[in-house]
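Each remark here refers to the structure printed beneath this line.
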Amino acid sequence: MTFKLTDISLNKPDESTKEAVKSAEKRKKSADESIEEAWERILAMKNSDKDTERLLEVKAAMEAGEIGREPVQEGKRQGKFSKAEALRLYKVLSDKRRDDVLRKMVEDTPDNYWLITDKAKLDEFLSILSEEEIIVFDVETTGPDIWKDYLVGHVITAVEADIHAYIPTKHNVDQPQLNHGYVIEKLRPIYENEAVKKIAHNAKYDIHILANEGIDVRGAVWDTLEAMRMLNENEPTFALKPLVSKYLRIPSLSYGDLFGKKGFHEVDLDVALAYAAKDGDVTLKLYEFQRKHLAKMPEVLRYYETVEIPLIKVIVDMERLGYDIDLEYADQYGKELKAKIDRLHAEIVEGLGDINLNSPTQLKPAIEKAIGRTIENTDAKKTLKPLAREFPIIKTLLEYREVMKLYSTYINALPELINEKTGKLHTVFNQNGAKTGRMSSGGGGVNLQNQPQEARRLFVAPPGYVILGGDWSQQEYRALTYFSQEPRLIENYEQGNDLYATVASEVFDKPIEECGDGSVYRQQAKTIMLAVAYGTGARTLAMQLGKSQEEARKFLKSFDERFPVVAKWIEQNREFVQRNGFVWMDKKQRKRRLPDARNRDSDFWYTSVYTQSTNAIIQGSSAIQTKATMVELDKLCKRKTAEGNGEWRLWCVVHDEALLLVPETITEQDIRDFEDVMLNTYKFGNIPNKCDIEIQRRWGESITVEEFLSGKPIPEL
DNA sequence: ATTGAGAGCCAC
DNA sequence: AAACGTGGCTCTCAAT
């Protein structure tokens, strides 16, 4: 097609006249445009996917007579039907549907849903509860924030009696309710009674909220959220409603669908009853469903009940304790970093131009221009590092990145996250945040598990206390050794040798003396071990070691030859997951389901599920060791506190590292007791555990036990 | 203003 | 030919 300049001359008088005529016709037409024509016109417009979806929904609802057009304002005639009106109607439609659902919920409220708003009814319910061995509990609140939101009502299910009660106390509605404190005191004996077994969905939240009311929940024996993670860690969501819809086939709309952003305290009591009591009802049904299925995996059930369940309260306590932040240190360090950032920024901008250095999209072309060649991305490790030697500006940029990350994510950010109420920094631990069973940490605030050394320095013990920390030495490789039963590795650990030196000596065929601390062989063996555990290929390993792929391949091959039993175990895992679609963690206490392993194209000789199968066993089993030990550490803390020489608390756990907050007057015996729990709570069969213990006031600024016992003072803040 | 995806990078 | 496991947060940038 040819293109003539004249084709785009816009201001030809004849054309504009035509347009004017056309639009006049259009106006005339629109006055008597039929609704069908209007829809055709609107739907032909450039609409986003979401708008199209909404428009079609409105169209269908209008055609079904569910809604009509907006009312005409007095004295005006109805204008033409516009996209804007259609989208306004969408909101009208959603609100109407929501109201319909809520009305229906109220109408259909079962007789065994009890709304308790007077003392007599509460007493009647309490007398029913006194006969119950197990109950469901759930708190309704103003929102999800355990520090800002507060309790507005209690849901309790009397299981045997089959009654689901809602006891509102703080709804902002014009309906009578029982006094908040009165209900707390009436329910306290139940909540705090160990003998009254309790079921909840996401019990950690309810326990937190009740703790805010001064109630110490005891006897929690089942959490339907954590149980579901045992049954299927791949579930897309662990929210109650979707699980109930999916597994019990009870249609359940989410809180947001029903109430939007409204807090539960704004909900009328009849609606509140229908919604809240149903939570107790379906949680109970989900519990029964889960029990039936977990019974088929007795080791998983036992692990769940003896480790995961007690762990909930251990985590609650840890989250509530929080962290003291050295603000003075943070401020001073932050200023230093900021000055450095400014200096580096100025230097880089001189070479690259005045761009946003934090924007990869702006950075990439600027770098390409500056160095005169194209780059794939601005990834520090993969792309920029190899260029740093040749181009000083890249080196400076990498330095900028590093300092910027430290400043913006950690040093400058942490003080901002301090909780106003407690004056401390709090994290949220997700008990099974990783599909392997590891915990994760964060929850909109601080992630305790990825603090770099520099940032750990901001975390300090309160006056009079010290941080007693222990980390399992080579936790995952000990697990690997146990599972594979590789004789050379077992021997290494039985004799208390240095693993990396042993591996280096074998892989590089060097005398052990040349593979000790500080040797390049030992360092490389460390990387190779990691590659084995993570399933890293030769290409990546080559990059990490700064060697050719050829050499990296040789190293991996050499490892397989020298530690053939490990290689065989990895191969077994591959076969197992291919056959079964899952792997077992230690003692069948937990599964990692990798269903993709079963329906793979046979042409693929590698898929990530195979590396995952081995890694999941190692990582997941290590997590079991950590969690089982956490439960015992909590008991140790309670025992020590009871001795009366000051309070002991579990402070933080980072995968293979456990830190306690203990009185600064601790004794050698105290430390030995701590070590004993770390070493002996959970063992991988015949492999001995090893634990390195350190004492500190500032996280990471520690002295060893030996130093401590020989009288070396713990560094002051 | 809020949200979500992608890039990038911190930890074990 | 294909190959690094598990997370979470900050920043940018585009979309709503």
Side-chain angles (χ1 to χ4, degrees), chain A residues 47-51 54 87 233 261 355-364 376-385 397-398 401-414 416-417 427-430 432-456 471-472 474-477 480 527-544 549 552-553 556 573-574 583 592 594 600-601 603-620 622-623 626 652-657 700:
Chain A
N47 298 312
S48 68
D49 289 356
K50 207 156 198 174
D51 279 352
R54 287 171 173 173
L87 289 176
E233 72 283 0
K261 295 206 186 308
I355 56 163
N356 184 344
L357 299 181
N358 301 327
S359 164
T361 41
Q362 292 178 41
L363 196 56
K364 187 167 170 278
E376 204 178 312
N377 51 35
T378 62
D379 188 282
K381 274 205 199 76
K382 280 199 226 99
T383 308
L384 301 183
K385 192 121 179 280
L397 178 65
L398 288 173
R401 276 251 182 100
E402 196 181 317
V403 183
M404 190 64 185
K405 172 81 178 175
L406 181 60
Y407 178 76
S408 65
T409 309
Y410 302 103
I411 309 304
N412 190 47
L414 291 178
E416 304 285 322
L417 294 169
T427 187
V428 174
F429 286 105
N430 185 340
N432 284 287
K435 290 187 165 47
T436 53
R438 265 193 184 178
M439 295 198 298
S440 67
S441 153
V446 58
N447 177 356
L448 257 289
Q449 296 178 329
N450 76 344
Q451 296 298 319
Q453 280 302 322
E454 295 89 337
R456 290 185 178 196
D471 70 284
W472 284 284
Q474 295 165 355
Q475 184 186 40
E476 295 199 341
Y477 297 138
L480 168 75
T527 310
I528 291 167
M529 280 300 287
L530 212 63
V532 170
Y534 290 169
T536 308
R539 204 172 64 128
T540 311
L541 180 62
M543 211 150 63
Q544 287 168 350
Q549 274 192 55
R553 220 184 323 276
L556 289 172
N573 296 334
R574 196 184 69 76
V583 289
R592 173 73 180 103
L594 297 161
R600 271 296 154 171
D601 190 329
D603 285 351
F604 284 76
W605 65 275
Y606 169 87
T607 70
S608 77
V609 286
Y610 299 143
T611 58
Q612 279 176 55
S613 67
T614 286
N615 184 257
I617 298 171
I618 298 173
Q619 192 180 106
S622 299
T626 299
C652 178
V653 173
V654 187
H655 306 307
D656 63 350
E657 176 181 15

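First the proteins, then the strands, lettered A, B, ... as listed; each starts at 1.
- Of the candidates B/dC12, B/dG8, B/dC10, the closest approach to any side-chain atom of A/Glu402 belongs to B/dC10.
- The listed nucleotides are C/dG5, C/dA3, C/dC11; the one nearest the side chain of A/Asn358 is C/dC11.
- Residue A/Asn430 is classed as having no contact, given no heavy-atom separation below 4.0 Å to the nucleic acid.
- Contact check, A/Thr409 against B/dC10: no side-chain N or O comes under 4.0 Å of OP1 or OP2.
- Summarising the geometry, the separation between CG on A/Leu357 and P on B/dA7 is reported as 19 Å, rounded to the nearest angstrom.
- With C/dT12, B/dC10, C/dG5 as the choices, the nucleotide that has an atom nearest any side-chain atom of A/Asn356 turns out to be C/dT12.
- Taking 4.0 angstrom as the limit, A/Thr378 places a side-chain polar atom (N or O) nearer than this to OP1 or OP2 of B/dG8.
- A donor-acceptor contact under 3.5 Å links the side chain of A/Gln544 to the base of C/dC4.
- Looking at A/Arg592, A/Lys435, A/Arg438 one by one, the single match for salt bridge (charged side-chain N to carboxylate O under 4.0 Å, His left out) with A/Glu233 turns out to be A/Arg592.
- The side chain of A/Ser359 approaches C/dT12 more closely than any other nucleotide in the set B/dG8, C/dT12, B/dC12.
- As a whole-Å value, the separation of A/Arg553 CZ from C/dA2 C1' is 13 Å.
- The side chain of A/Pro360 lies closest to B/dG8 when the candidates are B/dC10, B/dC12, B/dG8.
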- [ ] Given side chain to side chain contact (heavy atoms under 4.5 Å, CB included), test A/Asn447 with A/Thr427 step by step and report yes or no.
- [x] CA-CA 7 Å; A/Asn447 177 356; A/Thr427 187; 5.9 Å; no
TODO: Just do the side chain to side chain contact (heavy atoms under 4.5 Å, CB included) check on A/Tyr477 and A/Met529 with the steps written out, would you?
DONE: CA-CA 8 Å; A/Tyr477 297 138; A/Met529 280 300 287; 3.6 Å; yes
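- Distance A/Asp379 CG to B/dC10 P: 11 Å, rounded to the nearest Å.
- Rounded to whole Å, the P atom of B/dC10 lies 23 Å from the corresponding atom of C/dA3.
- Listed pair A/Arg456 / B/dC12 meets the phosphate criterion, a side-chain N or O lying under 4.0 Å from OP1 or OP2.
- Minimum interatomic distance between A/Gln451 and A/Arg456 (heavy atoms only, all atoms of both residues): O-NE, 3.1 Å.
- Regarding contacts with the backbone of C/dT6, a side-chain N or O of A/Gln612 is found under 4.0 angstrom from either OP1 or OP2.
- The CZ-C1' distance, from A/Arg438 to C/dT6, rounds to 5 Å in whole Å.
- Across all strands shown, A/Ala380 has heavy atoms under 4.0 Å from sugar-phosphate atoms exclusively, and none from any base.
- For the OP1/OP2 pair of B/dC9 and a distance below 4.0 Å, the side-chain nitrogens and oxygens of A/Arg401 include at least one atom meeting the criterion.
- For the OP1/OP2 pair of C/dG7 and a distance below 4.0 Å, the side-chain nitrogens and oxygens of A/Asn450 include no atom meeting the criterion.
- OP1 or OP2 of C/dG7 has not a single side-chain nitrogen or oxygen of A/Ser441 nearer than 4.0 Å.
- Proximity of A/Ser408 to the phosphate of C/dC11: a side-chain N or O atom is located under 4.0 Å from OP1 or OP2.
- Put simply, CG on A/Leu414 is 12 Å from C1' on B/dC10, counting in whole angstrom units.
- When heavy atoms are screened at a 4.0 angstrom cut-off, A/Gly537 is found touching base atoms of the nucleic acid.
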TODO: Kindly indicate, with the supporting measurements, whether the criterion side chain to side chain contact (heavy atoms under 4.5 Å, CB included) is fulfilled by A/Gln475 and A/Thr626.
DONE: CA-CA 9 Å; A/Gln475 184 186 40; A/Thr626 299; 3.0 Å; yes
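- In this entry the distance linking CD of A/Glu476 with C1' of B/dA11 reads 12 Å, nearest Å.
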TODO: Run the numbers on A/Thr536 and A/Gln544 for side-chain hydrogen bond (donor to acceptor under 3.5 Å, both in side chains), then give the verdict.
DONE: CA-CA 10 Å; A/Thr536 308; A/Gln544 287 168 350; 5.2 Å; no
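- The distance from atom CG of A/Asn432 to atom P of C/dG8 is 12 Å, rounded to the nearest whole Å.
- No hydrogens or angles were tested; on distance alone, a donor-acceptor pair under 3.5 Å links the side chain of A/Lys405 to the base of B/dC9.
- Residue contacts shown for A/Thr614 are absent, as no nucleic acid heavy atom lies under 4.0 Å away.
- Checked against A/Met404 for a side chain to side chain contact (heavy atoms under 4.5 Å, CB included), the options A/Asn412, A/Thr409, A/Asn358 give a single hit: A/Asn358.
- Residue-level contact check: A/Gln362 touches the backbone only, with heavy atoms under 4.0 Å from sugar-phosphate atoms and none from bases.
- Between the CG atom of A/Asp471 and the P atom of B/dC12 there is a distance of 9 Å, rounded to whole Å.
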